[in-house]
There are 2 protein chains.
Amino acid sequence: MDAIPVRPARIQDVAAAAGVSVSTVSNVLNRPERVNARTAERVRDAVAALDYVPHPGAAGLRTGHSSSIGLVLPDVTNSFYARIARGAAGAAYDHGYSLVLCDSGDEPEREQGYFTMLVEQRAVGAVVVPLSADPTRLNRLRERGIPLVLADRAMPAQDGCSVSVDDIAGGRIAVQHLLDCGARDILVVNGERSIRQCADRYQGARQAVRTRREARLGQVVAEEMTVAYGMEIARRLDDLPDGAFCTNDFLAAGLCRGLAERGVKVPEDVQVVGYGDLDIASFVGTTLTTVRQPVEDLGRAAVEMLLDEVEARAEHAHEARVFAPGLVLRDSTRSLAGV
Amino acid sequence: MDAIPVRPARIQDVAAAAGVSVSTVSNVLNRPERVNARTAERVRDAVAALDYVPHPGAAGLRTGHSSSIGLVLPDVTNSFYARIARGAAGAAYDHGYSLVLCDSGDEPEREQGYFTMLVEQRAVGAVVVPLSADPTRLNRLRERGIPLVLADRAMPAQDGCSVSVDDIAGGRIAVQHLLDCGARDILVVNGERSIRQCADRYQGARQAVRTRREARLGQVVAEEMTVAYGMEIARRLDDLPDGAFCTNDFLAAGLCRGLAERGVKVPEDVQVVGYGDLDIASFVGTTLTTVRQPVEDLGRAAVEMLLDEVEARAEHAHEARVFAPGLVLRDSTRSLAGV
DNA sequence: ATGAAAGCGCTAACAT
DNA sequence: ATGTTAGCGCTTTCAT
């Protein structure tokens, strides 16, 4: 049942079949305007007849450009990175590039190995979510002149492009929404302060609260950002707030559940906003109002900025693009009429 | 701050630096045994000094083999596929191949477009999770002689390799476990019968129940396999079973929660087994006993079978590899002592 | 054990 | 408007 591996047609075969030279065929394919319409027609027929498919590898050898870009990330299994991958893959596809998936599995040596692989392949560039904040390892790529875009990690713009989501804004809109919904005693259920995202989201929350004199903001820190810890926190709460901002959706789901166990109703008694728009946010019993991060856009933009750098080269200006998060309204909060 | 894009060293540069011919350099790199140890040493020094990195694209042009394999799947964002991707990426890396991520986004034309791209790139093969059961579209690859391995979808072994998980066995071990834990009145909380996986898992459940004369098996079908529907089912249940097998973890999580609302205790009153070992299974309040599918192994094996076909060619025998699911014991069931 | 040379499939000057 | 031709960087006979 195996097909006979037919030797693929080459450009010469097409040229012969169309009765023209190889360069004409090449022109038809790459700069159609330079060639007579009728000739072009003949060539295209021959292409179709022979099912000719150009070999970009050979072309790249000649032109010096390959057509693959690397995507280096810690773990595709993490839905955040998976979404980046999806966005990046889409953008790459649209622009005719292929995306090489480099899953470093949280291992620095493997990440390094992938960098080497990308150098070998003469990848035109790479989108990378680096394992460590220390950018030294990236030099392997840099010194080879391979453009790169950092994702989910800002970088001084003079050093290169980067894309990330504004977590301060995210915290702010989350709490602003709670305020808009009438909450005044707001609790931030946060992860460890040392996590930059957590610190930023809290800072945003503070900014929002400052705009309302009568509003108060409290904070409780969960050891881990899981459903179980969210539940635990709900159980231990002495004074119930009327609004809770959980810095991720697992905590939020757990909190909702823990409150339900105590007979506290969401959103009637406590309104809850989560963060991340993970699957769980919409699956949970009381669906979660949450902050959505445009993660796919992150991936898409990263690739596009990369290609701009690749194609524009000289005129390209590095950019640290920061995306705005958005609010997804669901059942765990109750917008006041007219808001 | 941009590095000066240094023109990469070529094999000629190395040859010159080492005072040998290019073919010797090539031999040192590819068939070291053919070259004098001392010469090899000199060459290797030159390679290091110039930071020479071979260009597999150029090599491939000569040898006819590329070093990239395609991974075509409907959506990396789906954790099942993401896990396949992770396994595949690891295997590809270990074997020195690069993995091209082709996320078809559930769109047939895009899937087709990726097939064309893989043909262009002369990919050595592809691992594909096809969008439709209809394999016609795969012919684009087949007729070009590009070996492929189907993932998560069995295929008659004479047509090619495939890897999948045995859902019947999965259903069987899930229910067998409930029986072992003392449950006798077992309810299957299933998804639509038309979904092959659901049908298979139920069939496995039946097999298990048949081994115990006194055991009974019921079934209820959820419209969607979500937490919300799981909860709904728990609320509507008239006669409580003493064991429940939910054919995915969302249903299981919802069921647990719905039962809790009614004051029914898991696992004391009802023991619950889920399926899939999604993140949610371990995050939920009562952690779920569930059936784990070795999804990463699926991806890994797919790539390895592919490379066997690529490298062995003649002696390669197609194989429909079926993986066994396993049970993950957590809090929602209570193994009897000694079991 | 080593080297010379012929391509792999394509593009891009340069000619015509 | 079309054709001729010289490589891109590498592997691989075939000589030496």
Side-chain angles (χ1 to χ4, degrees), chain A residues 5-44 46-47 50-68 96 119-124 144, chain B residues 5-44 46-47 50-68 96 117 119-124 144-145:
Chain A
V6 185
R7 190 181 195 283
R10 299 156 306 155
I11 197 171
Q12 297 193 24
D13 303 327
V14 177
V20 298
S21 74
V22 292
S23 55
T24 299
V25 177
S26 174
N27 281 333
V28 169
L29 267 28
N30 303 312
R31 292 110 94 196
E33 70 282 4
R34 298 206 181 170
V35 48
N36 181 292
R38 298 166 44 100
T39 324
E41 179 89 4
R42 285 215 318 285
V43 170
R44 268 187 275 269
V47 166
L50 298 174
D51 194 14
Y52 168 70
V53 177
H55 187 165
L61 189 55
R62 182 64 242 248
T63 61
H65 323 308
S66 88
S67 64
S68 67
V119 168
E120 285 178 351
Q121 309 200 338
R122 272 64 169 175
V124 325
R144 287 297 191 151
Chain B
V6 184
R7 189 180 196 285
R10 299 157 306 156
I11 197 171
Q12 296 194 27
D13 302 328
V14 177
V20 297
S21 74
V22 292
S23 52
T24 298
V25 177
S26 174
N27 281 333
V28 170
L29 266 27
N30 302 311
R31 292 110 93 201
E33 71 282 2
R34 297 207 182 166
V35 47
N36 181 291
R38 297 166 44 100
T39 323
E41 179 89 5
R42 284 215 319 284
V43 170
R44 267 187 275 269
V47 166
L50 298 174
D51 195 13
Y52 167 69
V53 177
H55 186 166
L61 188 54
R62 182 63 239 249
T63 60
H65 322 307
S66 88
S67 64
S68 66
M117 172 184 263
V119 168
E120 286 179 348
Q121 309 200 338
R122 272 63 170 173
V124 325
R144 288 299 191 149

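Everything numeric in this text was worked out from a predicted model, so none of it was measured. Numbered from 1 within each chain, the chains take letters A, B, ... in sequence-line order.
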Taking only N and O in the side chain of [X], is any of them less than 4.0 Å away from OP1 or OP2 of [N]?
X       : N      : value
A/Thr24 : D/dT2  : no
B/Arg62 : D/dC10 : no
A/Ser26 : C/dT11 : yes

Which is more 5' along DNA chain C, the nucleotide nearest A/His55 or the one nearest B/Val22? Just name the residue.
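Nearest-nucleotide comparison on DNA chain C picks B/Val22.
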
Specify the residue among A/Gly60 and B/Gly60 whose closest nucleotide of DNA chain C lies further upstream toward the 5′ end.
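Going by which nucleotide is closer to the 5' end, it is B/Gly60.
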
Across the strands shown, which category fits B/Pro54 at heavy-atom distances under 4.0 angstrom: base, sugar-phosphate, nothing?
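Sugar-phosphate: the residue B/Pro54, judged by heavy atoms under 4.0 Å, touches backbone atoms but no base.
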
Determine whether any donor atom in the side chain of B/Ser23 lies under 3.5 Å from an acceptor atom in the base of C/dG3, or the reverse, and answer yes or no.
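In this structure, the two groups form a donor-acceptor pair.
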
Check the distance between [N]'s [atom2] and [X]'s [atom1] and give it to me in whole angstrom.
X        : N      : atom1 : atom2 : answer
B/Leu29  : D/dT12 : CG    : C1'   : 15 Å
A/Asn30  : D/dA1  : CG    : P     : 17 Å
A/Gln12  : D/dT2  : CD    : P     : 19 Å
B/Arg122 : C/dG9  : CZ    : C1'   : 8 Å
A/Ile11  : D/dG7  : CD1   : C1'   : 15 Å
A/Glu120 : D/dC10 : CD    : P     : 11 Å
A/His65  : D/dG9  : NE2   : P     : 13 Å

Using heavy atoms to find the nearest nucleotide of DNA chain D for B/Leu61 and B/Asn27 separately, return the residue whose nucleotide is more 5′.
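Comparing both residues, the 5'-ward one is B/Leu61.
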
Considering all heavy atoms of both residues, which atom of B/Ser66 and which atom of B/Val124 are nearest to each other, and what is their separation?
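That closest heavy-atom pairing would be O-CG1, 2.8 Å.
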
Measure the shortest side-chain to side-chain distance between [X] and [Y] over non-hydrogen atoms and say whether it is less than 4.5 angstrom.
X       : Y        : value
B/Val53 : A/Arg122 : yes
B/Ile11 : B/His55  : no
A/Tyr52 : A/Val43  : no
A/Gln12 : A/Val25  : no

Please give me every residue in residues 31-40 of chain A whose heavy atoms get under 4.0 Å of an atom in DNA chain C, ordered by residue number.
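Going residue by residue through residues 31-40 of chain A, the ones with a heavy atom under 4.0 Å of DNA chain C turn out to be A/Arg31.
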
